[in-house]
Amino acid sequence: MKGVINVTKQRMKLSLTEEAKHYIQMYMEEHDIGFTGDAISQICQEHKEQKAQEWSLKYISEVVSHNLHDVLKEELKKIRLGTNATDKNTQILIEYMNGLFAFHGFKGLITTGMREMDSTRIARETVEERIAHQRQKRIDWEESRGKSSSTK
């Protein structure tokens, strides 16, 4: 047998299925092995090596879980940063509005549902256009990223 040096052998009596017997005979022909015992020993050794190299389900689960955690962590970081910026801008606007109300002595509030000022309409349209533009840029970027990674 190839690769076996000074191995102590022990005699065994075996009962095999026809299929197993046929497999061993085919294996012996393919690997140019003259003795059935040597073929079985080599098959066992190959099986042992293959089993040692297999990724266990636990290992695969850990790797996938770790990678998923990293991806989600990065995405959540982006969301958190965006939310923080929005919160900051909202608080700044509240401070501006409070200052304007105090400066002009306003006692009540007219909502945009009651009357929308031209300046408010322009500001709303500008913000809507900016959001739509940013959304389109993100979609274009995601598509280009998806196409480039699928062609690799």
Side-chain angles (χ1 to χ4, degrees), residues 1-5 7 14 16-33 38-152:
M1 181 169 78
K2 298 175 188 173
V4 177
I5 303 171
V7 175
L14 298 173
L16 301 171
T17 63
E18 273 300 314
E19 184 180 352
K21 181 180 175 184
H22 180 68
Y23 180 82
I24 292 170
Q25 289 170 343
M26 299 254 315
Y27 187 89
M28 289 172 65
E29 290 173 15
E30 287 177 18
H31 293 86
D32 195 28
I33 298 173
D38 291 342
I40 293 172
S41 293
Q42 190 167 326
I43 290 169
C44 290
Q45 182 63 32
E46 288 175 4
H47 178 76
K48 183 179 176 182
E49 290 170 3
Q50 182 182 10
K51 198 161 178 94
Q53 291 177 356
E54 283 180 1
W55 287 1
S56 70
L57 183 57
K58 182 179 178 185
Y59 174 74
I60 292 171
S61 297
E62 288 174 4
V63 169
V64 169
S65 176
H66 179 73
N67 289 339
L68 185 60
H69 176 264
D70 289 347
V71 169
L72 289 176
K73 183 178 178 182
E74 191 61 34
E75 290 302 314
L76 288 173
K77 180 179 178 183
K78 291 176 189 176
I79 291 169
R80 189 180 73 247
L81 291 174
T83 303
N84 289 346
T86 301
D87 184 47
K88 177 182 170 184
N89 290 335
T90 302
Q91 289 183 38
I92 290 169
L93 287 173
I94 289 170
E95 294 299 323
Y96 276 134
M97 295 304 298
N98 188 60
L100 283 171
F101 276 33
F103 179 76
H104 290 289
F106 293 140
K107 303 291 183 206
L109 177 66
I110 299 174
T111 64
T112 54
M114 296 176 189
R115 179 175 176 213
E116 184 175 40
M117 302 296 293
D118 288 341
S119 57
T120 304
R121 181 185 50 76
I122 292 168
R124 179 180 44 79
E125 290 171 356
T126 301
V127 169
E128 288 172 353
E129 288 175 15
R130 184 180 305 136
I131 290 170
H133 179 71
Q134 288 173 341
R135 183 178 297 134
Q136 187 59 49
K137 279 177 58 176
R138 185 182 71 242
I139 290 169
D140 292 345
W141 178 80
E142 287 173 353
E143 284 181 359
S144 70
R145 184 176 165 194
K147 288 180 184 174
S148 66
S149 65
S150 65
T151 57
K152 289 182 180 177

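Quick note: residue numbers are just sequence positions, from 1. All figures in this text were calculated on a predicted structure; none of them were measured in a lab.
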Q: Please name the pair of heavy atoms, one in I24 and one in A39, separated by the smallest distance, quoted to 0.1 Å.
A: CG2-CB, 4.1 Å

(Q) Any heavy-atom pair between the side chains of C44 and I40 that's under 4.5 Å? (A) yes

Q.
Looking at F101, I'd like to know if its CZ atom is crowded, meaning that more than 12 non-hydrogen atoms belonging to other residues, nucleotides or ligands lie closer than 6.0 Å.
A. yes

Q: Drop me the distance from L81's CG to T86's OG1, to the nearest 0.5 angstrom.
A: 10.5 Å

(Q) Taking the side chain as everything from C-beta on, heavy atoms only, tell me whether E62 gets closer than 4.5 Å to H66. (A) no

Q) Counting only heavy atoms not in E125, do more than 12 fall under 6.0 Å of its CD? A) yes

Q: Output the distance between atom CG (L14) and atom NZ (K21), rounded to the nearest 0.5 Å.
A: 12.0 Å

Q.
With rounding to the nearest 0.5 angstrom, report the CG to OG distance, L72 to S65.
A. 9.5 Å

Q.
I'd like to know if the side chain of T120 and the backbone of E116 have a donor-acceptor N/O pair within less than 3.5 Å.
A. no

Q: Measure from the side-chain N and O atoms of H31 to the backbone N and O of Y27, and report whether any donor-acceptor pair falls under 3.5 Å.
A: yes

Q) When you check the side-chain N and O atoms of Q45 and E49, is any donor under 3.5 Å from an acceptor? A) yes

Q | Pair listing, salt bridge (Lys or Arg N to Asp or Glu O under 4.0 Å) test, anchored in residues 77-94, at least two apart | A | E75-K78

Q | Beyond-backbone contact of K137 with H133, side-chain heavy atoms, under 4.5 angstrom | A | yes

Q. How long is the span from the CG atom in N84 to the CG atom in N89, to the nearest 0.5 Å?
A. 11.0 Å

Q) Can you tell me how far CZ of R121 sits from OG1 of T126, rounded to the nearest 0.5 angstrom? A) 9.5 Å

Q: Take R124 and E128 through the test side chain to side chain contact (heavy atoms under 4.5 Å, CB included) and record every step on the way to the result.
A: CA-CA 6 Å; R124 179 180 44 79; E128 288 172 353; 3.5 Å; yes

